[in-house]
Amino acid sequence: QVQLVESGGGLVQAGGSLRLSCAASGRTFSSYPMGWFRQAPGKEREFLATISGSGGSTYYADSVKGRFTISRDNAKNTLYLRMNSLKPEDTAVYYCASARYYTGTDSLVPYDYWGQGTQVTVSS
C-alpha cells in the first residue's frame, strides 16, 4: 500500500520561506514521478510542480516558477518543495502525489496516490 506523508507546513510571514517534505512508502520511489499541489478554501486543487523519477526533469506552474523548487532524494524516499518569497495568496493545504508516468505538464491524470496534506499559512 502506497503511503505519502507530508510535513513542514506552518505559519510564516510574507517574504519568508518553508520547505515541505513528503515521505513515501509502498512502491519503488525512484521509479515514479511525483508532484506537489495545493488547495485553498473554496478553490480547486492547483498543480504546482512535478519531477521525474530520476529527478532529472521538472515542470512548474507559472504561478510558482522562480519561487518554488521541487526536488527529491531517492535514497531517502522523500520529495521536497522549497518555497521562497511566500505571499499571503500561497496560503493553502499542500499535497504531494505519486504519478504512474511523467508528463511534464500540469495534468492531474497520472496521479494515483495522494498524501493527506499539510497546512501552509502566510501572514501579511
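In this text the structure is predicted, and so the values were computed from the model without any measurement. Below, all heavy atoms of this structure are taken into account, side chains as well, without hydrogens, waters or symmetry copies.
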Answer yes or no: is there a donor N or O on one side and an acceptor on the other, between the side chain of Gln13 and the main chain of Ser123, under 3.5 Å? no
Can you give me the closest heavy-atom contact between Tyr101 and Pro110, atom names plus distance? O-CB, 3.5 Å
For Gly117 and Val93 the tightest heavy-atom approach is CA-CG1, 3.8 Å
Measure across Ser17 and Arg82 and return the closest heavy-atom pair with its distance rounded to 0.1 Å. CB-NH2, 3.6 Å
Rounded to the nearest 0.5 Å, what separation is found between the CG atom of Leu108 and the CD atom of Glu44? 10.0 Å
Paired with Phe37, the ring pair (Phe, Tyr, Trp, His ring centres under 6.0 Å) test is passed by just one of Tyr94, Tyr111, Phe68, namely Tyr111
When rounded to the nearest 0.5 angstrom, what is the spacing between OG1 in Thr91 and CD in Gln119? 7.0 Å
For the residue pair Thr78 and Ser21, what are the closest heavy atoms and their distance? CG2-CB, 4.2 Å
Are Lys65 and Asp62 within salt-bridge range, i.e. N to O under 4.0 Å? yes
Contacts of Tyr95 meeting ring-ring contact (aromatic ring centres under 6.0 Å, His included) (sequence neighbours excluded), chain-then-number -> none
Only one of Thr118, Leu79, Leu81, Leu20 passes side-chain contact (heavy atoms from CB on, under 4.5 Å) with Cys96, and that residue is Leu79
Where is the tightest heavy-atom contact between Arg72 and Ile51, given as atom of each residue plus distance? NH1-O, 3.7 Å
Quick one: do Met34 and Tyr102 end up in the same hydrophobic cluster if we chain Ile, Leu, Val, Met, Phe, Trp and Tyr together by side-chain heavy atoms under 4.5 Å apart? no
What's the separation between atom CG in Asn77 and atom SG in Cys22, rounded to the nearest 0.5 Å? 10.5 Å
Ignoring hydrogens and geometry beyond distance, is a side-chain donor-acceptor pair present between Ser63 and Glu89 at under 3.5 Å? no
Within this structure, what is the CZ-CZ distance for the pair Arg45 and Arg38, rounded to the nearest 0.5 Å? 13.0 Å
Please tabulate, for side-chain N and O atoms in residues 53-61, each donor-acceptor pair with protein atoms closer than 3.5 Å (sequence neighbours left out).
| residue | atom | partner | partner atom | Å |
| --- | --- | --- | --- | --- |
| Ser54 | OG | Gly56 | N | 3.1 |
| Tyr60 | OH | Ile70 | N | 2.9 |

Smallest separation among heavy atoms of Thr103 and Thr105, with atom names: OG1-OG1, 2.9 Å
Common cluster, Val12/Met83, ILVMFWY with side-chain heavy-atom separation under 4.5 Å: yes
Quick one: does Gln39's side chain have a donor or acceptor within less than 3.5 Å of a partner on Ala92's backbone? no
Same cluster or not: Phe47 versus Trp114, using hydrophobic residues (I, L, V, M, F, W, Y) connected whenever any side-chain heavy atoms lie under 4.5 Å apart? yes
Treating Ile, Leu, Val, Met, Phe, Trp and Tyr as nodes and any side-chain heavy-atom pair under 4.5 angstrom as an edge, say whether Leu48 and Leu86 lie in one connected cluster. yes
Same cluster for Tyr32 and Trp36 if Ile/Leu/Val/Met/Phe/Trp/Tyr side chains link at under 4.5 Å? no
